[in-house]
Amino acid sequence: MKEKFISIQEAIEKAKGKVSIRGWVHRERKQKDMVFIVLRDSSDIIQCVIKKDTVSEKEWNDLQKVLIESSMEIEGDIKEEKRAPTGFEIEVLKLKVISYSEIFPITKDLNEELLLDRRHLWLRSRKMTAIMKIRSTVFGAIHEYFRSKGFYEYQSPIFQSVQCEGGSTLFHVDYFGKKDVFLAQTWQLYAEPEIFALEKIYTIAPSFRAEASKTSRHLTEYWHAEMEVAWANFDEIIKYGEELIKHVVKKVLENNKSDLEILERDVKKLEPTLKKKFPRITYAEVLKLLKEKFKMEIPWGKDLRTIEEDKLSSLFDTPVAVTRYPKQVKAFYMKEPDDSKKDKPVVNGVDFIAPENYGEIIGGSERESDIEKIKKRLKEEGEKIEQYDFYLDTRRYGSVPHGGFGLGVERFISWICGLENIKDAIPFPRTMNRTRP
Ligand code: ATP
Ligand code: MG
């Protein structure tokens, strides 16, 4: 076929006349003198009808061997057909089988584990295709947002020699027999040194956490969009987080309407995020709300668990920024504000809790500037100060107020798409029990 191929979406937009398309067989139904094929490409699906007396004998014979996922080229007349899955149909005049398929091992009744075993093939499903398109928009929109605000893209190492988010989720690496090498949990300790040069930086990179618990929100390898800014105060950090979320959601609503439809996502649930200012409440206020609304008694100083986050999120239709967490539940680098109380010390840390039970999507903070306070906290956590000497240099040579946050890209995608499990937000999910395929 010499004709220029167009995508199925372009063919549907053309709506009538001759078209040439190519793709994979999504469904097929063979009758005596007629074959129905639903062809799929990256853009959409379309029903194609092949009549025995319209095509050559060779074409008809080839067609008899076509199964789901065979790849084909098709030329024919497109017209509106209300009963077809996407409202259009092609009457086929010519066809060419590019490659036959064996019996495709994915059927309707496969359970979740079998679908994960065959993930490399399940990626071709309409559901996964829609999610991956949204994922692509999300990554693009994150880059777009930060670059439009004058941030430089910057990269930190994946092999690291210090921990940052707690030893219990560190992945140790056998690094030529050396023991103290870990996979990055975050870029942060290697990002802070760079703000003295570039001032505003961001990245999107994999983070690794040895999460031993099975939840629908944790992966062992996830993509982390992180930012760090010099001269910024706590308020500005929160503002960047809110703007980023709004920008990305807006882009997905603009670009991925049909994908959200395939996922049966109720987009009305995302709209308040664009229109409303996100509430900001303190940890102490959260405890009060949980007590008033749900009779939950959380003692001051306990971290918020999934159940508390979910109850809290049920009170709002946008993400909510929770601030002023107890110092004892947050990392060593978070700043204690001047008005922090001696008996109940808090830090300028912020978690953005997504609506609809999707949990924390952003964790951020203003960074502690007092080197002695940082050392004291590292010691309390049993860390070897010498390992952190390079990091402490950020507070020795012209320290400035600064802060940043990390956004879990798959958590964000799960919420945007309304997914039941974070595993579907990434092509090949990695969890405690799964590293294959
Ligand atoms: P959580 O309490 O939910 O485990 P965290 O406090 O450990 O989160 P941070 O260390 O603040 O999370 O990491 C920043 C962001 O990275 C989180 O807000 C979340 O969106 C995401 N994130 C953290 N751990 C995971 C994980 N195991 N899988 C996917 N995303 C994660
Ligand atoms: Mg965690």
Side-chain angles (χ1 to χ4, degrees), residues 22-28 38-45 66-72 97-140 142 158-159 169-175 181-185 203-225 256 259 262-264 358 408-437:
R22 57 186 163 190
W24 294 263
V25 174
H26 184 60
R27 285 201 282 272
E28 52 90 16
V38 175
L39 204 72
R40 165 182 75 73
D41 71 4
S42 62
S43 70
D44 210 337
I45 60 173
V66 159
L67 298 176
I68 285 176
E69 292 305 323
S70 299
S71 48
M72 301 181 68
V97 177
I98 301 298
S99 186
Y100 293 102
S101 174
E102 295 179 23
I103 295 172
F104 199 55
I106 289 191
T107 48
K108 276 211 176 77
D109 47 5
L110 289 189
N111 66 30
E112 195 206 334
E113 283 310 306
L114 281 171
L115 285 179
L116 284 166
D117 287 342
R118 294 168 201 175
R119 186 66 159 196
H120 53 296
L121 300 174
W122 180 238
L123 286 174
R124 303 181 188 194
S125 64
R126 289 197 95 199
K127 176 182 172 181
M128 288 308 299
T129 304
I131 297 169
M132 290 307 131
K133 285 183 186 172
I134 291 170
R135 185 177 164 98
S136 173
T137 302
V138 168
F139 273 70
I142 293 170
I158 297 293
F159 289 131
T169 62
L170 273 182
F171 272 115
H172 294 253
V173 180
D174 181 349
Y175 199 82
V181 180
F182 324 105
L183 297 182
Q185 293 171 308
T203 201
I204 314 181
S207 274
F208 303 88
R209 310 248 174 136
E211 309 277 2
S213 58
K214 289 181 215 135
T215 80
S216 58
R217 297 178 186 173
H218 291 90
L219 295 163
T220 52
E221 175 183 318
Y222 71 96
W223 287 76
H224 207 168
N256 299 89
D259 302 309
I262 288 169
L263 299 173
E264 295 174 11
Y358 283 93
V409 182
E410 286 78 17
R411 289 246 182 113
F412 194 16
I413 293 170
S414 292
W415 165 48
I416 292 175
C417 295
L419 304 180
E420 268 172 39
N421 196 301
I422 194 168
K423 286 184 228 171
D424 281 340
I426 189 164
F428 292 95
R430 298 294 179 238
T431 61
M432 192 175 172
N433 300 323
R434 186 167 289 278
T435 46
R436 260 181 248 165

* Distance in Å, S216 OG paired with E420 CD, rounded so as to fall on 0.5 Å steps -> 9.0 Å
* Asked: Can you tell me how far OH of Y100 sits from OG of S70, rounded to the nearest 0.5 angstrom?
  -> 8.0 Å
Do [X] and [Y] come within less than 4.5 Å of each other through their side chains, counting heavy atoms only?
| X | Y | answer |
| --- | --- | --- |
| I45 | R126 | yes |
| V25 | M72 | yes |
| E102 | L67 | no |
| F208 | T220 | no |
| L219 | E410 | yes |
| L170 | Q185 | yes |

Within the distance-only criterion (no hydrogens, no angle test), does the side chain of [X] pair as donor or acceptor with the backbone N or O of [Y] below 3.5 angstrom?
| X | Y | result |
| --- | --- | --- |
| S71 | S99 | yes |
| E211 | M432 | no |
| T129 | S125 | yes |
| Y175 | F182 | no |

* To do: Using the side chain to side chain donor-acceptor pair (under 3.5 Å) rule, take N256 and T137 through it: C-alpha gap first, then chi angles, then the decisive distance, then the call.
  => CA-CA 8 Å; N256 299 89; T137 302; 2.7 Å; yes
* Asked: Could you walk me through whether E221 and R209 pass the salt bridge (Lys or Arg N to Asp or Glu O under 4.0 Å) check?
  -> CA-CA 7 Å; E221 175 183 318; R209 310 248 174 136; over 6 Å; no
Who are the side chain to side chain contact (heavy atoms under 4.5 Å, CB included) partners of [X], not counting sequence neighbours?
| X | answer |
| --- | --- |
| S136 | none |
| L263 | K127, A130, I131, I134, C417 |
| T435 | R430 |
| R217 | T215, T306, E309, D310, N357, R411 |

Side-chain donor-acceptor pairs under 3.5 Å in residues 109-121, sequence neighbours left out?
from: D109; atom 1: OD1; to: T107; atom 2: OG1; distance (Å): 2.8
from: N111; atom 1: OD1; to: E113; atom 2: N; distance (Å): 3.1
from: N111; atom 1: OD1; to: L114; atom 2: N; distance (Å): 2.9
from: E112; atom 1: OE2; to: K423; atom 2: NZ; distance (Å): 3.4
from: E113; atom 1: OE1; to: R434; atom 2: NH2; distance (Å): 2.8
from: D117; atom 1: OD1; to: R434; atom 2: NH1; distance (Å): 3.1
from: D117; atom 1: OD1; to: R434; atom 2: NH2; distance (Å): 3.0
from: R118; atom 1: NH1; to: P105; atom 2: O; distance (Å): 2.8
from: R119; atom 1: NE; to: P427; atom 2: O; distance (Å): 2.6
from: R119; atom 1: NH1; to: D424; atom 2: OD1; distance (Å): 3.0
from: R119; atom 1: NH2; to: K423; atom 2: O; distance (Å): 2.8
from: R119; atom 1: NH2; to: I426; atom 2: O; distance (Å): 2.8

Heavy-atom closest contact ([X] atom, [Y] atom, distance):
| X | Y | result |
| --- | --- | --- |
| S42 | K133 | O-NZ, 2.6 Å |
| V409 | F139 | CG1-CE1, 3.6 Å |
| A425 | I413 | CB-CG2, 3.8 Å |
| S414 | Y358 | O-CE2, 3.5 Å |
| I68 | R27 | CG1-CA, 4.3 Å |

* Geometric class of the F412/W415 ring pair [parallel <30°, tilted 30-60°, perpendicular >60°] -> parallel
* Asked: What's the verdict on side-chain contact (heavy atoms from CB on, under 4.5 Å) for F159 and L183, showing C-alpha distance, side-chain angles and the deciding distance?
  -> CA-CA 5 Å; F159 289 131; L183 297 182; 4.2 Å; yes
* To do: Show the numbers, then the answer: is there a side chain to side chain donor-acceptor pair (under 3.5 Å) between S43 and D41?
  => CA-CA 5 Å; S43 70; D41 71 4; 2.7 Å; yes
* Structure fact -> Sorted by chain and residue number, the ring pair (Phe, Tyr, Trp, His ring centres under 6.0 Å) partners of F428 (sequence neighbours excluded) come out as none
